[in-house]
Protein chains: 2
Amino acid sequence: MAETTAANERRPRSDKQRNRTHILQTAERYFAEHGITGSLDAIAKRAGIGPGTLYRHFPNRESLLAALLQARNDELVSQREAIRQEPDTTAALARWLDALSQWATAFDGLPEPLRAAFSEDTSPLALTCQGFITTTDEFLHAAQRDGGARPDVRGRDLFLAVLAMSWVRGAAVADESSPTALSNLMRTGWATT
Amino acid sequence: MAETTAANERRPRSDKQRNRTHILQTAERYFAEHGITGSLDAIAKRAGIGPGTLYRHFPNRESLLAALLQARNDELVSQREAIRQEPDTTAALARWLDALSQWATAFDGLPEPLRAAFSEDTSPLALTCQGFITTTDEFLHAAQRDGGARPDVRGRDLFLAVLAMSWVRGAAVADESSPTALSNLMRTGWATT
DNA sequence: AGTACAAACGGAGACTATCTCCTTATGGGC
DNA sequence: GCCCATAAGGAGATAGTCTCCGTTTGTACT
(Lines give C-alpha, C1' and ligand atoms only; values in the text may rest on other atoms or scores of the structure.)
Protein backbone atom coordinates (compact mmCIF):
# COMPACT_ATOMS: atom_id res chain seq x y z
CA MET A 1 0.00 0.00 0.00
CA ALA A 2 2.10 2.84 -1.26
CA GLU A 3 -0.94 5.08 -1.45
CA THR A 4 -3.18 6.61 1.16
CA THR A 5 -6.29 5.26 -0.53
CA ALA A 6 -8.16 2.41 1.12
CA ALA A 7 -7.29 -1.20 0.37
CA ASN A 8 -8.64 -2.67 -2.89
CA GLU A 9 -9.20 0.87 -4.11
CA ARG A 10 -7.52 1.99 -7.24
CA ARG A 11 -6.12 5.52 -7.15
CA PRO A 12 -8.53 7.91 -8.91
CA ARG A 13 -7.57 8.84 -12.41
CA SER A 14 -5.54 12.01 -12.61
CA ASP A 15 -7.71 13.57 -15.29
CA LYS A 16 -10.69 13.44 -12.98
CA GLN A 17 -9.27 15.89 -10.45
CA ARG A 18 -7.83 17.99 -13.23
CA ASN A 19 -11.22 18.30 -14.90
CA ARG A 20 -12.96 19.02 -11.64
CA THR A 21 -10.64 21.89 -10.90
CA HIS A 22 -10.95 23.23 -14.39
CA ILE A 23 -14.75 23.07 -14.30
CA LEU A 24 -14.77 24.97 -11.03
CA GLN A 25 -12.47 27.68 -12.36
CA THR A 26 -14.58 28.06 -15.47
CA ALA A 27 -17.86 28.05 -13.57
CA GLU A 28 -16.52 30.63 -11.14
CA ARG A 29 -15.84 33.04 -13.99
CA TYR A 30 -19.02 32.18 -15.83
CA PHE A 31 -21.25 32.68 -12.83
CA ALA A 32 -19.47 35.91 -12.01
CA GLU A 33 -20.28 37.16 -15.52
CA HIS A 34 -23.77 35.76 -16.06
CA GLY A 35 -25.12 35.10 -12.60
CA ILE A 36 -25.82 31.65 -11.30
CA THR A 37 -28.63 31.00 -13.78
CA GLY A 38 -26.19 30.88 -16.69
CA SER A 39 -26.27 27.77 -18.88
CA LEU A 40 -24.40 24.76 -17.54
CA ASP A 41 -23.80 23.39 -21.02
CA ALA A 42 -22.19 26.71 -21.87
CA ILE A 43 -19.84 26.27 -18.93
CA ALA A 44 -18.96 22.78 -20.17
CA LYS A 45 -18.29 24.13 -23.64
CA ARG A 46 -16.14 26.94 -22.32
CA ALA A 47 -14.23 24.46 -20.20
CA GLY A 48 -13.68 22.40 -23.34
CA ILE A 49 -15.41 19.31 -22.03
CA GLY A 50 -18.65 17.53 -22.89
CA PRO A 51 -21.81 18.18 -20.91
CA GLY A 52 -21.77 14.59 -19.68
CA THR A 53 -18.46 15.20 -17.95
CA LEU A 54 -19.75 18.26 -16.19
CA TYR A 55 -22.87 16.45 -15.03
CA ARG A 56 -20.89 13.49 -13.75
CA HIS A 57 -18.82 15.76 -11.57
CA PHE A 58 -21.77 17.91 -10.51
CA PRO A 59 -25.14 16.26 -11.07
CA ASN A 60 -27.00 19.56 -10.89
CA ARG A 61 -26.54 23.28 -10.59
CA GLU A 62 -26.83 23.17 -6.85
CA SER A 63 -23.95 20.77 -6.30
CA LEU A 64 -21.75 22.86 -8.57
CA LEU A 65 -22.74 25.90 -6.58
CA ALA A 66 -22.02 24.11 -3.33
CA ALA A 67 -18.51 23.25 -4.53
CA LEU A 68 -17.90 26.84 -5.61
CA LEU A 69 -19.09 28.12 -2.29
CA GLN A 70 -16.71 25.90 -0.36
CA ALA A 71 -13.88 28.42 -0.41
CA ARG A 72 -16.22 31.19 0.67
CA ASN A 73 -17.64 29.08 3.44
CA ASP A 74 -14.14 28.60 4.82
CA GLU A 75 -13.61 32.32 4.57
CA LEU A 76 -16.84 32.98 6.44
CA VAL A 77 -15.93 30.48 9.14
CA SER A 78 -12.61 32.20 9.70
CA GLN A 79 -14.40 35.54 9.90
CA ARG A 80 -16.64 33.99 12.51
CA GLU A 81 -13.56 33.17 14.59
CA ALA A 82 -12.38 36.76 14.32
CA ILE A 83 -15.78 38.13 15.27
CA ARG A 84 -15.88 35.88 18.31
CA GLN A 85 -13.03 37.97 19.70
CA GLU A 86 -15.25 41.03 19.64
CA PRO A 87 -16.07 41.88 23.27
CA ASP A 88 -19.21 43.84 22.40
CA THR A 89 -21.70 41.08 21.65
CA THR A 90 -24.13 43.40 19.90
CA ALA A 91 -21.42 44.67 17.60
CA ALA A 92 -20.38 41.06 17.07
CA LEU A 93 -23.88 40.12 15.95
CA ALA A 94 -24.00 43.09 13.60
CA ARG A 95 -20.64 42.16 12.12
CA TRP A 96 -21.70 38.54 11.70
CA LEU A 97 -24.90 39.51 9.91
CA ASP A 98 -22.88 41.74 7.64
CA ALA A 99 -20.45 38.95 6.84
CA LEU A 100 -23.35 36.61 6.19
CA SER A 101 -24.89 39.11 3.85
CA GLN A 102 -21.67 39.40 1.87
CA TRP A 103 -21.42 35.64 1.68
CA ALA A 104 -24.98 35.38 0.35
CA THR A 105 -24.19 37.82 -2.45
CA ALA A 106 -21.00 36.14 -3.62
CA PHE A 107 -22.78 35.45 -6.91
CA ASP A 108 -25.67 37.20 -8.56
CA GLY A 109 -28.79 35.17 -7.84
CA LEU A 110 -27.28 33.11 -5.05
CA PRO A 111 -29.99 33.86 -2.46
CA GLU A 112 -32.53 31.95 -4.55
CA PRO A 113 -30.96 28.48 -4.26
CA LEU A 114 -30.01 29.21 -0.66
CA ARG A 115 -33.63 29.83 0.16
CA ALA A 116 -34.64 26.69 -1.72
CA ALA A 117 -32.02 24.69 0.15
CA PHE A 118 -33.31 26.08 3.41
CA SER A 119 -36.48 24.04 3.23
CA GLU A 120 -35.08 20.80 1.80
CA ASP A 121 -32.45 19.07 3.86
CA THR A 122 -31.49 16.83 0.95
CA SER A 123 -29.56 19.64 -0.66
CA PRO A 124 -25.78 20.05 -0.43
CA LEU A 125 -26.38 23.70 0.43
CA ALA A 126 -28.82 22.88 3.21
CA LEU A 127 -26.14 21.70 5.61
CA THR A 128 -24.16 24.88 5.05
CA CYS A 129 -27.22 26.99 5.77
CA GLN A 130 -27.96 25.01 8.87
CA GLY A 131 -24.48 25.58 10.19
CA PHE A 132 -24.68 29.30 9.66
CA ILE A 133 -28.08 29.49 11.30
CA THR A 134 -26.53 27.86 14.34
CA THR A 135 -23.77 30.43 14.37
CA THR A 136 -26.31 33.20 13.99
CA ASP A 137 -28.11 31.79 16.97
CA GLU A 138 -24.92 31.82 19.02
CA PHE A 139 -24.16 35.46 18.32
CA LEU A 140 -27.80 36.35 18.82
CA HIS A 141 -28.03 34.62 22.19
CA ALA A 142 -24.90 36.34 23.41
CA ALA A 143 -26.31 39.71 22.38
CA GLN A 144 -29.63 38.87 23.99
CA ARG A 145 -27.88 37.94 27.24
CA ASP A 146 -26.21 41.33 27.21
CA GLY A 147 -29.46 43.10 26.41
CA GLY A 148 -28.35 44.27 22.99
CA ALA A 149 -30.82 42.19 21.02
CA ARG A 150 -34.54 41.72 21.45
CA PRO A 151 -35.33 38.51 23.32
CA ASP A 152 -38.13 37.39 21.02
CA VAL A 153 -36.00 37.24 17.87
CA ARG A 154 -34.82 33.86 16.59
CA GLY A 155 -31.60 33.10 14.73
CA ARG A 156 -33.56 31.36 12.06
CA ASP A 157 -35.55 34.50 11.34
CA LEU A 158 -32.46 36.66 11.30
CA PHE A 159 -30.85 34.31 8.82
CA LEU A 160 -33.92 34.43 6.60
CA ALA A 161 -34.03 38.19 6.86
CA VAL A 162 -30.40 38.46 5.78
CA LEU A 163 -31.17 36.19 2.85
CA ALA A 164 -34.18 38.29 1.94
CA MET A 165 -32.23 41.53 2.08
CA SER A 166 -29.46 40.02 -0.02
CA TRP A 167 -32.03 38.91 -2.53
CA VAL A 168 -33.72 42.26 -2.88
CA ARG A 169 -30.39 44.02 -3.07
CA GLY A 170 -29.77 42.27 -6.37
CA ALA A 171 -32.43 44.44 -8.00
CA ALA A 172 -31.93 47.60 -6.05
CA VAL A 173 -28.51 48.26 -7.48
CA ALA A 174 -29.76 51.44 -9.08
CA ASP A 175 -29.98 53.08 -5.68
CA GLU A 176 -26.63 53.29 -3.93
CA SER A 177 -28.06 53.76 -0.49
CA SER A 178 -30.40 50.77 -0.45
CA PRO A 179 -27.97 48.25 1.03
CA THR A 180 -27.29 50.43 4.06
CA ALA A 181 -30.91 51.45 4.34
CA LEU A 182 -32.10 47.86 4.35
CA SER A 183 -29.46 46.78 6.81
CA ASN A 184 -30.48 49.63 9.14
CA LEU A 185 -34.11 48.72 8.71
CA MET A 186 -33.39 45.18 9.78
CA ARG A 187 -31.47 46.41 12.77
CA THR A 188 -33.83 49.04 14.10
CA GLY A 189 -37.09 48.48 12.22
CA TRP A 190 -39.29 51.26 10.90
CA ALA A 191 -41.21 51.99 14.11
CA THR A 192 -39.97 54.33 16.79
CA THR A 193 -41.22 52.33 19.73
CA MET B 1 -71.30 55.71 -36.67
CA ALA B 2 -73.55 53.39 -34.76
CA GLU B 3 -70.68 52.22 -32.56
CA THR B 4 -68.69 53.89 -29.83
CA THR B 5 -65.41 53.02 -31.51
CA ALA B 6 -63.49 55.80 -33.20
CA ALA B 7 -64.23 56.73 -36.77
CA ASN B 8 -62.87 54.38 -39.45
CA GLU B 9 -62.32 51.75 -36.76
CA ARG B 10 -63.88 48.39 -37.09
CA ARG B 11 -65.34 46.91 -33.93
CA PRO B 12 -62.92 44.35 -32.44
CA ARG B 13 -63.78 40.74 -33.15
CA SER B 14 -65.90 39.17 -30.47
CA ASP B 15 -63.74 36.06 -30.14
CA LYS B 16 -60.79 38.20 -29.16
CA GLN B 17 -62.28 39.37 -25.88
CA ARG B 18 -63.72 35.93 -25.26
CA ASN B 19 -60.32 34.30 -25.64
CA ARG B 20 -58.65 36.90 -23.52
CA THR B 21 -61.05 36.28 -20.67
CA HIS B 22 -60.71 32.56 -21.02
CA ILE B 23 -56.92 32.72 -21.01
CA LEU B 24 -56.99 34.80 -17.86
CA GLN B 25 -59.32 32.40 -16.08
CA THR B 26 -57.18 29.44 -17.06
CA ALA B 27 -53.93 31.16 -16.13
CA GLU B 28 -55.35 32.18 -12.78
CA ARG B 29 -56.05 28.57 -11.92
CA TYR B 30 -52.82 27.31 -13.40
CA PHE B 31 -50.64 29.78 -11.57
CA ALA B 32 -52.50 29.06 -8.37
CA GLU B 33 -51.66 25.39 -8.78
CA HIS B 34 -48.14 25.54 -10.18
CA GLY B 35 -46.83 28.95 -9.19
CA ILE B 36 -46.06 31.66 -11.68
CA THR B 37 -43.21 29.75 -13.30
CA GLY B 38 -45.60 27.17 -14.77
CA SER B 39 -45.44 26.57 -18.49
CA LEU B 40 -47.25 29.11 -20.67
CA ASP B 41 -47.77 26.60 -23.45
CA ALA B 42 -49.45 24.36 -20.91
CA ILE B 43 -51.83 27.18 -20.06
CA ALA B 44 -52.61 27.62 -23.75
CA LYS B 45 -53.24 23.92 -24.11
CA ARG B 46 -55.47 23.82 -21.07
CA ALA B 47 -57.37 26.82 -22.40
CA GLY B 48 -57.83 24.93 -25.66
CA ILE B 49 -56.05 27.49 -27.80
CA GLY B 50 -52.76 27.54 -29.69
CA PRO B 51 -49.65 29.03 -28.11
CA GLY B 52 -49.63 31.71 -30.79
CA THR B 53 -52.96 33.00 -29.56
CA LEU B 54 -51.77 33.21 -26.00
CA TYR B 55 -48.62 35.04 -27.01
CA ARG B 56 -50.53 37.50 -29.16
CA HIS B 57 -52.70 38.44 -26.21
CA PHE B 58 -49.83 38.44 -23.73
CA PRO B 59 -46.42 38.69 -25.38
CA ASN B 60 -44.66 37.39 -22.30
CA ARG B 61 -45.18 36.01 -18.85
CA GLU B 62 -44.94 39.40 -17.28
CA SER B 63 -47.78 40.94 -19.25
CA LEU B 64 -50.01 37.97 -18.44
CA LEU B 65 -49.11 38.41 -14.81
CA ALA B 66 -49.85 42.11 -14.99
CA ALA B 67 -53.31 41.39 -16.38
CA LEU B 68 -53.98 38.83 -13.67
CA LEU B 69 -52.91 41.25 -11.00
CA GLN B 70 -55.26 43.93 -12.21
CA ALA B 71 -58.15 42.74 -10.05
CA ARG B 72 -55.88 42.48 -7.03
CA ASN B 73 -54.48 45.92 -7.65
CA ASP B 74 -57.98 47.34 -7.56
CA GLU B 75 -58.60 45.45 -4.34
CA LEU B 76 -55.42 46.85 -2.84
CA VAL B 77 -56.35 50.36 -3.88
CA SER B 78 -59.69 50.05 -2.19
CA GLN B 79 -57.99 48.76 0.94
CA ARG B 80 -55.80 51.83 0.78
CA GLU B 81 -58.88 54.01 0.89
CA ALA B 82 -60.15 52.15 3.94
CA ILE B 83 -56.80 52.43 5.69
CA ARG B 84 -56.72 56.17 5.05
CA GLN B 85 -59.64 56.44 7.46
CA GLU B 86 -57.48 55.03 10.24
CA PRO B 87 -56.75 57.92 12.64
CA ASP B 88 -53.63 56.29 14.08
CA THR B 89 -51.08 56.90 11.34
CA THR B 90 -48.66 54.31 12.72
CA ALA B 91 -51.33 51.64 12.74
CA ALA B 92 -52.28 52.76 9.26
CA LEU B 93 -48.76 52.23 8.01
CA ALA B 94 -48.65 48.81 9.62
CA ARG B 95 -51.93 47.86 8.02
CA TRP B 96 -50.79 49.11 4.64
CA LEU B 97 -47.58 47.12 4.79
CA ASP B 98 -49.59 44.08 5.71
CA ALA B 99 -51.96 44.56 2.80
CA LEU B 100 -49.00 45.07 0.49
CA SER B 101 -47.46 41.88 1.71
CA GLN B 102 -50.62 39.92 1.02
CA TRP B 103 -50.80 41.43 -2.44
CA ALA B 104 -47.20 40.40 -3.17
CA THR B 105 -47.97 36.80 -2.27
CA ALA B 106 -51.13 36.48 -4.39
CA PHE B 107 -49.26 33.86 -6.42
CA ASP B 108 -46.38 31.63 -5.52
CA GLY B 109 -43.22 33.21 -6.92
CA LEU B 110 -44.74 36.62 -7.55
CA PRO B 111 -42.12 38.62 -5.64
CA GLU B 112 -39.49 37.63 -8.20
CA PRO B 113 -40.99 39.42 -11.23
CA LEU B 114 -42.04 42.30 -9.01
CA ARG B 115 -38.47 42.80 -7.98
CA ALA B 116 -37.35 42.53 -11.59
CA ALA B 117 -39.96 45.09 -12.62
CA PHE B 118 -38.77 47.39 -9.89
CA SER B 119 -35.55 48.18 -11.71
CA GLU B 120 -36.85 48.32 -15.29
CA ASP B 121 -39.49 50.92 -16.02
CA THR B 122 -40.33 49.28 -19.34
CA SER B 123 -42.29 46.57 -17.58
CA PRO B 124 -46.07 46.54 -17.21
CA LEU B 125 -45.58 45.72 -13.54
CA ALA B 126 -43.19 48.59 -12.97
CA LEU B 127 -45.89 51.24 -13.02
CA THR B 128 -47.92 49.30 -10.48
CA CYS B 129 -44.93 49.03 -8.18
CA GLN B 130 -44.22 52.70 -8.56
CA GLY B 131 -47.75 53.59 -7.55
CA PHE B 132 -47.61 51.45 -4.45
CA ILE B 133 -44.26 52.88 -3.46
CA THR B 134 -45.84 56.32 -3.61
CA THR B 135 -48.65 55.16 -1.36
CA THR B 136 -46.16 53.61 1.02
CA ASP B 137 -44.40 56.94 1.13
CA GLU B 138 -47.65 58.71 1.98
CA PHE B 139 -48.45 56.46 4.90
CA LEU B 140 -44.84 56.55 6.01
CA HIS B 141 -44.65 60.36 5.97
CA ALA B 142 -47.84 60.62 7.98
CA ALA B 143 -46.47 58.22 10.58
CA GLN B 144 -43.17 60.07 10.63
CA ARG B 145 -44.98 63.38 11.20
CA ASP B 146 -46.70 61.82 14.18
CA GLY B 147 -43.48 60.35 15.50
CA GLY B 148 -44.52 56.74 14.99
CA ALA B 149 -41.96 55.94 12.31
CA ARG B 150 -38.25 56.59 12.17
CA PRO B 151 -37.45 59.72 10.16
CA ASP B 152 -34.57 58.18 8.19
CA VAL B 153 -36.63 55.41 6.60
CA ARG B 154 -37.72 55.76 2.99
CA GLY B 155 -40.89 54.39 1.39
CA ARG B 156 -38.85 52.77 -1.31
CA ASP B 157 -36.89 50.77 1.23
CA LEU B 158 -40.02 49.73 3.06
CA PHE B 159 -41.53 48.53 -0.19
CA LEU B 160 -38.42 46.53 -1.00
CA ALA B 161 -38.38 45.08 2.50
CA VAL B 162 -41.98 43.96 2.16
CA LEU B 163 -41.11 42.35 -1.15
CA ALA B 164 -38.11 40.65 0.40
CA MET B 165 -40.13 39.29 3.31
CA SER B 166 -42.81 38.06 0.95
CA TRP B 167 -40.15 36.32 -1.08
CA VAL B 168 -38.52 34.55 1.80
CA ARG B 169 -41.88 33.57 3.20
CA GLY B 170 -42.37 31.37 0.14
CA ALA B 171 -39.71 28.98 1.45
CA ALA B 172 -40.29 29.34 5.14
CA VAL B 173 -43.70 27.71 5.05
CA ALA B 174 -42.41 24.89 7.19
CA ASP B 175 -42.31 27.20 10.17
CA GLU B 176 -45.71 28.62 11.10
CA SER B 177 -44.37 31.52 13.06
CA SER B 178 -42.03 32.91 10.42
CA PRO B 179 -44.45 35.31 8.77
CA THR B 180 -45.24 37.06 12.04
CA ALA B 181 -41.64 36.91 13.18
CA LEU B 182 -40.39 38.53 10.00
CA SER B 183 -43.07 41.17 10.06
CA ASN B 184 -42.16 42.02 13.66
CA LEU B 185 -38.51 42.08 12.75
CA MET B 186 -39.20 44.60 10.03
CA ARG B 187 -41.20 46.72 12.43
CA THR B 188 -38.90 46.78 15.40
CA GLY B 189 -35.58 45.40 14.18
CA TRP B 190 -33.40 43.00 16.12
CA ALA B 191 -31.59 45.55 18.26
CA THR B 192 -32.94 46.91 21.51
CA THR B 193 -31.71 50.43 21.07
C1' DA C 1 -77.47 35.76 -48.34
C1' DG C 2 -73.18 36.69 -50.43
C1' DT C 3 -68.74 38.64 -50.65
C1' DA C 4 -64.43 40.86 -49.26
C1' DC C 5 -60.97 41.47 -46.09
C1' DA C 6 -58.78 42.73 -41.90
C1' DA C 7 -58.30 40.57 -37.67
C1' DA C 8 -57.43 36.76 -35.10
C1' DC C 9 -56.40 31.83 -34.68
C1' DG C 10 -53.56 27.59 -34.68
C1' DG C 11 -49.74 24.97 -34.70
C1' DA C 12 -45.44 23.57 -36.80
C1' DG C 13 -40.98 24.40 -35.80
C1' DA C 14 -36.67 27.20 -34.57
C1' DC C 15 -34.14 27.91 -30.64
C1' DT C 16 -32.28 27.12 -26.07
C1' DA C 17 -31.56 24.63 -21.90
C1' DT C 18 -31.31 20.42 -18.93
C1' DC C 19 -29.84 16.02 -18.27
C1' DT C 20 -29.10 10.89 -19.75
C1' DC C 21 -27.19 7.08 -21.96
C1' DC C 22 -24.05 4.67 -24.46
C1' DT C 23 -19.86 4.41 -27.12
C1' DT C 24 -15.10 5.58 -27.09
C1' DA C 25 -10.81 6.84 -24.94
C1' DT C 26 -7.38 6.63 -21.35
C1' DG C 27 -4.86 6.26 -17.07
C1' DG C 28 -3.34 2.91 -13.41
C1' DG C 29 -1.77 -1.54 -11.89
C1' DC C 30 0.43 -5.54 -12.97
C1' DG D 1 2.72 -3.86 -23.13
C1' DC D 2 -1.78 -5.49 -21.72
C1' DC D 3 -6.06 -5.39 -19.28
C1' DC D 4 -10.07 -3.11 -17.76
C1' DA D 5 -12.24 -0.02 -14.59
C1' DT D 6 -12.95 4.62 -14.79
C1' DA D 7 -13.84 8.63 -16.92
C1' DA D 8 -14.71 11.45 -21.10
C1' DG D 9 -17.54 12.87 -24.90
C1' DG D 10 -21.39 13.92 -27.37
C1' DA D 11 -25.67 12.70 -29.65
C1' DG D 12 -30.24 12.96 -28.53
C1' DA D 13 -34.59 12.76 -25.54
C1' DT D 14 -37.37 16.02 -23.29
C1' DA D 15 -39.28 20.32 -22.19
C1' DG D 16 -40.08 25.24 -22.41
C1' DT D 17 -40.24 29.86 -24.94
C1' DC D 18 -41.60 32.31 -28.63
C1' DT D 19 -42.26 33.25 -33.90
C1' DC D 20 -43.87 32.90 -38.39
C1' DC D 21 -47.14 32.11 -41.65
C1' DG D 22 -50.98 29.64 -43.82
C1' DT D 23 -55.86 29.18 -42.51
C1' DT D 24 -60.09 30.51 -40.47
C1' DT D 25 -63.62 33.65 -38.90
C1' DG D 26 -66.22 37.68 -37.54
C1' DT D 27 -67.71 42.18 -39.36
C1' DA D 28 -69.21 45.44 -42.63
C1' DC D 29 -71.04 46.43 -46.75
C1' DT D 30 -73.88 45.40 -50.68
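What you see is a predicted model, and the numbers here were worked out from it, not measured in a lab. Basis for what follows: all heavy atoms, side chains included, without hydrogens, waters or symmetry-related copies. Throughout, a chain's letter reflects where its sequence line sits, starting with A, and its residues are numbered from 1.
- Closest to the side chain of T53(A), out of dA6(C), dG9(D), dA7(D), is dG9(D).
- Separating the OH atom of Y55(B) from the P atom of dG16(D) is a distance of 11 Å, rounded to the nearest angstrom.
- At least one side-chain nitrogen or oxygen of R56(B) sits closer than 4.0 Å to the OP1 or OP2 atom of dC9(C).
- With sequence neighbours excluded, no residue satisfies side chain to side chain contact (heavy atoms under 4.5 Å, CB included) with D108(A).
- Contacts between residues 19-50 of chain A and DNA chain C, counted as heavy-atom distances below 4.0 Å, involve G38(A), S39(A), L40(A), D41(A).
- In this entry the distance linking CZ of R11(A) with P of dA5(D) reads 19 Å, nearest Å.
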Result block: side-chain N/O donor-acceptor pairs under 3.5 angstrom for residues 67-77 of chain A, not counting sequence neighbours:
{"from": "Q70(A)", "atom 1": "NE2", "to": "D74(A)", "atom 2": "OD1", "distance (Å)": "3.2"}
{"from": "R72(A)", "atom 1": "NH1", "to": "E28(A)", "atom 2": "OE2", "distance (Å)": "3.3"}
{"from": "R72(A)", "atom 1": "NH2", "to": "E28(A)", "atom 2": "OE2", "distance (Å)": "2.8"}
{"from": "N73(A)", "atom 1": "OD1", "to": "W103(A)", "atom 2": "NE1", "distance (Å)": "2.8"}

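- Scanning residues 58-70 of chain B for heavy-atom distances under 4.0 Å to DNA chain D yields R61(B).
- Ion pairing between a basic and an acidic side chain is recognised when a charged N comes within 4.0 Å of a carboxylate O; D15(B) and R13(B) show such pairing.
- Here E86(A) pairs with R95(A) under the side-chain hydrogen bond (donor to acceptor under 3.5 Å, both in side chains) rule; sequence neighbours left out.
- One interatomic measurement links the two molecules: NE2 of H57(A) to C1' of dT20(C), which rounds to 16 Å at whole-angstrom precision.
- Closest to the side chain of P51(B), out of dA8(C), dA12(C), dT27(D), is dA12(C).
- The ring pair (Phe, Tyr, Trp, His ring centres under 6.0 Å) contacts involving residues 28-49 of chain B comprise Y30(B)-H34(B), where partners must be two or more places apart or lie in separate chains.
- Using a 4.0 Å heavy-atom distance criterion, S14(A) is classed as a sugar-phosphate-only contact.
- In terms of the ring-ring contact (aromatic ring centres under 6.0 Å, His included) criterion, residue partners of W167(A) (sequence neighbours excluded) are, by chain and number, W167(B).
- Each salt bridge (Lys or Arg N to Asp or Glu O under 4.0 Å) pair with one or both residues in residues 39-62 of chain A, not counting sequence neighbours, appears once here: E33(A)-R46(A).
- Judged by distance alone, the side chains of E138(B) and T134(B) never bring a donor and an acceptor atom under 3.5 Å apart.
- Scanning for side chain to side chain contact (heavy atoms under 4.5 Å, CB included) contacts around Q85(A) gives an empty result, with sequence neighbours left out.
- Atom CZ in R10(A) sits roughly 8 Å away from atom P in dC30(C) (whole-Å rounding).
- In this entry the distance linking NZ of K16(B) with P of dA8(C) reads 4 Å, nearest Å.
- In this structure, the CG atom of D15(A) is 19 Å from the P atom of dT24(C), given to the nearest Å.
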